[in-house]
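Before any comments, here is the structure.
Sequence lines set the chain letters: A, B, ... in the order given, protein chains first and strands last, and positions in each chain run from 1. Remember, predicted model here, so these are calculated numbers, not experimental data.
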Amino acid sequence: MKIFRTHTCGQLRVEHVGQSISLNGWVNSYRDHGNLIFIDLRDRFGITQLVFDPEDGSQKHLMEVASKLRSEDVIGVTGKVRVRIGGENPKHATGKVELVVTDLEVLNKTENPPFLPDDYGQLPNEEIRLKYRYLDLRRPSMQKILGLRSRALQTIREYFVGNNGFLEIETPVLYKSTPEGAREFLVPCRNVPGQFYALPQSPQLFKQILMVANADRYIQVCRCFRDEDPRADRQPEFTQIDLEMSFVRRDHIVAMMEGFVRHFWKTMLNYDVPPIQRMSYREAMETYGIDRPDTRYGLHIKDISELAARTEFGVFKTALEKGKDRPPFNSKRGVVKAIRVPGGAEKLTRKITDGYSEFAKPFGVGGVATVKYINDPATGQAKFDTGCAKFLEPMKADFVAALGLEPGDTVLFVADAYGVATKAIGELRQKVARDMGVVPKPGAEGGPWNFLIVVDFPMFERNKESGKWVAMHHPFTAPRDDQAEAFINAAENDDDTIEAIVSAGYDIVLNGSEIAGGSVRIHDGRVQSKVFQLLGLSPEQAREKFSFLLEALSYGAPPHAGIAFGFDRLMMHICGTENIRDVIAFPKTQIGADLMTRAPSLVPEKQLKDLYIASTYVPEPPAPKA
RNA sequence: GGGGCGGUAGCUCAAUUGGUUAGAGUACCGGACUGUCGAUCCGGUGGUUGCGGGUUCGAGUCCCGUCCGCCUCGCCA
């Protein structure tokens, strides 16, 4: 390499005219007019037009080499900056000038690339993009995301470490297996045959121990691993902004996080986040049917159980019989829930509303009852029409009042036990919002960023399959201060009481997506024992799994609380993408494969032997010929 | 593990009910061209229709299996 750049491709302006300078970069495009050649040269900082022109001193051999240049060749050039003769190109910051090349060095000719890294037209399919990720990342839109992600990390450290006294501390990646929650990735240990490390699902236990160690305020940008099937917003390997604070109560840490969100959105997008509303878990479930409500649109859920009980509609009556003796809001008590859809009578066709039953069934309910409320041309009066109209018509005034109905509305009903009905109608609400086109796009189009802090989660819920109690957050989450005594005194089989115990946990929700979650931690031994007991862990088992934490907590643990942001999801919001793979440089596919490096892969037998590992996998024999 | 969508030239896509030699744009190769800027114009190369079976006179198209990618349910303390 002889030609080293003196400037970048994004740097040259009119003030550089007349200077002799050098650039390095990739050929972004070429326009060969025979005796006049233009090259757009690209590096990370911009694009600069190069000109090869014999009348301006380009030698014949230079023209020959230049005419062979193709997109994605890597070159160095030296020449003189001048004002463009052909007029300005407003697309580029360097568009007023061009570089008249007098010396050219081809640093690396490219093979014909499978696709060109531009943002014109259709992208190649994702399989190709992932296989040639280094080409995909050259695309301007991906370069922008890489830049935003880097800036975000800087902003996070600036706020927490720079402005608020947090200490950045790294925790181990080779970690003790604590098989609660998500499935773990295991790492065999060569030095201790037959034993394993696990990769951390999160550094939860270490960060609590760091509080005992007087870190006081800890932060880490931390890679976490969960061996569960990916989704559009989930990867097996992902990044958390992990935090923990000593000597705080819930409101302190929540305020600190609210400050962070404000600083982050201001710095990244120059957006002023208004004060963030708190909402209880119960209100979220009652009004939105989900613990991470999307408050960008209405379509609020109403409980109309009492009204429904007075109809003759069998679907309602059957549902309301369920769990009659349970307390209100108990997951097993029958309820009838409804959503009023303004303008739905016209937009939601029969075909669409029929589809809602199919949509809702997987969530455990029998179906979705519908009715239209429309003006009757015959009488000039509004009336219920289609669906379950005949059951509602006798009580029309009551329903209109309860739901605030106006002509042109459609009403959707779900009737079942509280738990399943709530979940089903919450999912339905989101689907209806999409069908009605009432979900605004945030950011550039002026749509809202709706933040919400959800509090007062239940401590426990019954696992549907095993029937065992599981911690809704994790086993170190404290009950809310006023709940501790009731919790300690509750009998293990007293479902109704235990279900009603509320934790000191909190989630931060943005536009219906959970971006952070955390809790005040238990530092009372009696409470911790009770949690383990409920989770079905004997004192011995608890000690075996968590002895180091329990021991640490016994040596003067400060009251502490923490939270973790899903950094990749945060970046999805900032970048305006629906796909988590877009904000990760080298993401994995749905089976956890890296299409570029072709991981996972087989390893030599010797390597397994050194680790005392034998595979039980037997490849299926090819199907016999029929 | 279940459900859905997809896989045709390097890339993006087309191909009538199962019917002639599987086409187009782009990239690439060759040629022309002195002011373009996603240059333009002319010509050309390029195909195991993911893979393996089956049905049929005949399969890109229908059937079975399988692999890969995406979406989703389960799962994600």
Under the ring pair (Phe, Tyr, Trp, His ring centres under 6.0 Å) test, which residues partner A/Phe115, sequence neighbours left out?
-> none
Mind checking who B/U49 pairs with, Watson-Crick or G-U wobble, both distances under 3.5 Å?
-> none
What is the base-pairing partner of B/U34, counting Watson-Crick and G-U wobble geometry with both distances under 3.5 Å?
-> none
Expressed as a whole number of Å, how far does the C1' atom of B/U45 sit from that of B/C37?
-> 29 Å
How far does the P atom of B/G4 sit from the matching atom of B/U66, given to the nearest Å?
-> 14 Å
Taking a pair to mean Watson-Crick or G-U wobble geometry with both distances below 3.5 Å, B/A39 pairs with none
Looking at side-chain heavy atoms only, is the closest gap between A/Tyr418 and A/Lys337 below 4.5 Å?
-> yes
Which residues pass the side-chain hydrogen bond (donor to acceptor under 3.5 Å, both in side chains) test with A/Arg480, sequence neighbours left out?
-> A/Asp456, A/Asp482
Could you check whether A/Ile37 gets within reach of a base, just the sugar-phosphate, or nothing at all, counting any heavy atom under 4.0 Å?
-> nothing
Given side chains that start at C-beta, do those of A/Pro200 and A/Phe225 come closer than 4.5 Å, heavy atoms only?
-> yes
Going by heavy atoms in the side chains, are A/Thr171 and A/Lys207 under 4.5 Å from each other?
-> no
How far does the C1' atom of B/G23 sit from the matching atom of B/C68, given to the nearest Å?
-> 26 Å
Specify the residues of residues 519-541 of chain A, ordered by number, for which at least one heavy atom lies under 4.0 angstrom from an atom of RNA chain B.
-> none
Whole-Å P distance, B/C13 and B/C76 = 36 Å
Please measure how far the P atom in B/U21 lies from the corresponding atom in B/U26, and state the result in whole Å.
-> 28 Å
Shorter than 3.5 Å, N or O on both sides, protein versus nucleotides 25-35 of chain B: list them out with atom names.
from: B/A27; atom 1: O2'; to: A/Asn112; atom 2: OD1; distance (Å): 3.1
from: B/C28; atom 1: OP2; to: A/Tyr30; atom 2: OH; distance (Å): 3.2
from: B/C28; atom 1: O4'; to: A/Asn112; atom 2: ND2; distance (Å): 3.3
from: B/C29; atom 1: OP2; to: A/Arg70; atom 2: NE; distance (Å): 2.8
from: B/C33; atom 1: N3; to: A/Asp32; atom 2: O; distance (Å): 3.2
from: B/C33; atom 1: N3; to: A/Gly34; atom 2: N; distance (Å): 3.2
from: B/C33; atom 1: N4; to: A/Gly34; atom 2: N; distance (Å): 3.2
from: B/U34; atom 1: N3; to: A/Glu55; atom 2: OE2; distance (Å): 3.2
from: B/U34; atom 1: O4; to: A/Glu55; atom 2: OE2; distance (Å): 2.5
from: B/G35; atom 1: O6; to: A/Arg82; atom 2: NH2; distance (Å): 2.5
from: B/G35; atom 1: N1; to: A/Glu98; atom 2: OE2; distance (Å): 3.0
from: B/G35; atom 1: N2; to: A/Gly86; atom 2: N; distance (Å): 3.3
from: B/G35; atom 1: N2; to: A/Glu98; atom 2: OE1; distance (Å): 2.5
from: B/G35; atom 1: N2; to: A/Glu98; atom 2: OE2; distance (Å): 3.1

Rounded distance in Å between the P positions of B/G35 and B/A24 = 31 Å
Rounded to whole angstroms, how far apart are CZ on A/Arg434 and P on B/C71?
-> 14 Å
Could you give all pairs that pass the salt bridge (Lys or Arg N to Asp or Glu O under 4.0 Å) test and reach residues 505-527 of chain A, with sequence neighbours left out?
-> A/Glu244-A/Arg521, A/Glu485-A/Arg526, A/Asp524-A/Arg526
Please determine, for B/G25, whether a Watson-Crick or G-U wobble partner exists with both distances under 3.5 Å, and give it or none.
-> B/C11
Contacts of A/His473 meeting ring pair (Phe, Tyr, Trp, His ring centres under 6.0 Å) (sequence neighbours excluded), chain-then-number -> none
Under a 3.5 Å cut-off for both distances, is B/G58 Watson-Crick or wobble paired, and to whom?
-> none
Listed partners of A/Tyr30 passing ring pair (Phe, Tyr, Trp, His ring centres under 6.0 Å), at least two apart | none
Rounded interatomic separation in angstrom, taking CG from A/Asp119 and P from B/U12 | 15 Å
Hey, does A/Pro587 have a side-chain heavy atom less than 4.5 Å from the side chain of A/Leu130?
-> yes
Interatomic distance where CG belongs to A/Asp136 and P belongs to B/G69 [whole Å] | 16 Å
Specify the residue among A/Phe115 and A/Leu130 whose closest nucleotide of RNA chain B lies further upstream toward the 5′ end.
-> A/Phe115
Using whole Å, report how far NZ of A/Lys91 lies from C1' of B/A39.
-> 11 Å
NA contact type, A/Arg581, heavy-atom cut-off 4.0 Å: base, sugar-phosphate, or nothing?
-> sugar-phosphate
Rounded to the nearest angstrom, tell me the gap between atom CD1 in A/Ile128 and atom C1' in B/C68.
-> 11 Å
Would you please confirm or rule out a distance under 4.0 Å between OP1 or OP2 of B/G69 and any side-chain N or O of A/Thr589?
-> yes
Please list, for nucleotides 5-7 of chain B, all pairs of protein and nucleotide N/O atoms separated by less than 3.5 Å.
none

Going 5' to 3' through nucleotides 72-77 of chain B and flagging B where a protein heavy-atom sits under 4.0 Å of the base, S where only the sugar-phosphate is that close, and - otherwise, we get BBBBBB
For A/Tyr281, which residues count as a ring pair (Phe, Tyr, Trp, His ring centres under 6.0 Å) partner, sequence neighbours excluded?
-> A/Phe457
Rounded distance (Å) that lies between atom C1' of B/C67 and atom CZ of A/Arg598 | 14 Å
A/His16 side-chain N/O to A/Arg13 backbone N/O, donor-acceptor pair under 3.5 Å | yes
Considering only atom C1', compute the distance from B/G46 to B/A22 and round it to an integer number of Å.
-> 13 Å
Between the CZ atom in A/Arg138 and the CG atom in A/Leu116, the distance rounded to the nearest 0.5 Å is 10.0 Å
OP1 or OP2 of B/U36 less than 4.0 angstrom from a side-chain nitrogen or oxygen of A/Arg31, does that happen here?
-> no
Test item: A/Gln528 and A/Phe546 side chains (from C-beta on) under 4.5 Å apart, heavy atoms | no
Could you tell me which nucleotide pairs with B/C70 by Watson-Crick or G-U wobble geometry, both distances under 3.5 Å, or answer none if nothing does?
-> B/G4
With a 4.5 Å heavy-atom cut-off, do A/Glu184 and A/Leu199 have their side chains touching?
-> no
Donor-acceptor contacts under 3.5 Å from residues 355-366 of chain A side chains, at least two apart:
from: A/Tyr356; atom 1: OH; to: A/Asp435; atom 2: OD2; distance (Å): 2.7
from: A/Ser357; atom 1: OG; to: A/Val368; atom 2: N; distance (Å): 2.9
from: A/Ser357; atom 1: OG; to: A/Val368; atom 2: O; distance (Å): 3.3
from: A/Glu358; atom 1: OE2; to: A/Lys361; atom 2: NZ; distance (Å): 3.1

Please state how far atom CG in A/Asp118 lies from atom P in B/C11, giving the value in whole angstrom units.
-> 16 Å
Within the pair A/Asn579 and B/C70, is there a side-chain N or O less than 4.0 Å away from OP1 or OP2?
-> no
A/Glu499 and A/Ser331 side chains, donor-acceptor separation under 3.5 Å = yes
Which whole number of Å gives the distance between the P atom of B/U12 and that of B/G54?
-> 31 Å
If each of A/Ser29 and A/Ile591 is mapped to the nucleotide of RNA chain B with the nearest heavy atom, which maps nearer the 5' terminus, i.e. the 5' end?
-> A/Ser29
Protein-nucleotide distance (A/Lys131, atom NZ; B/C11, atom C1'), rounded to Å = 13 Å
Could you list all the salt bridge (Lys or Arg N to Asp or Glu O under 4.0 Å) pairs where at least one residue sits in residues 538-552 of chain A, not counting sequence neighbours?
-> A/Glu180-A/Lys545
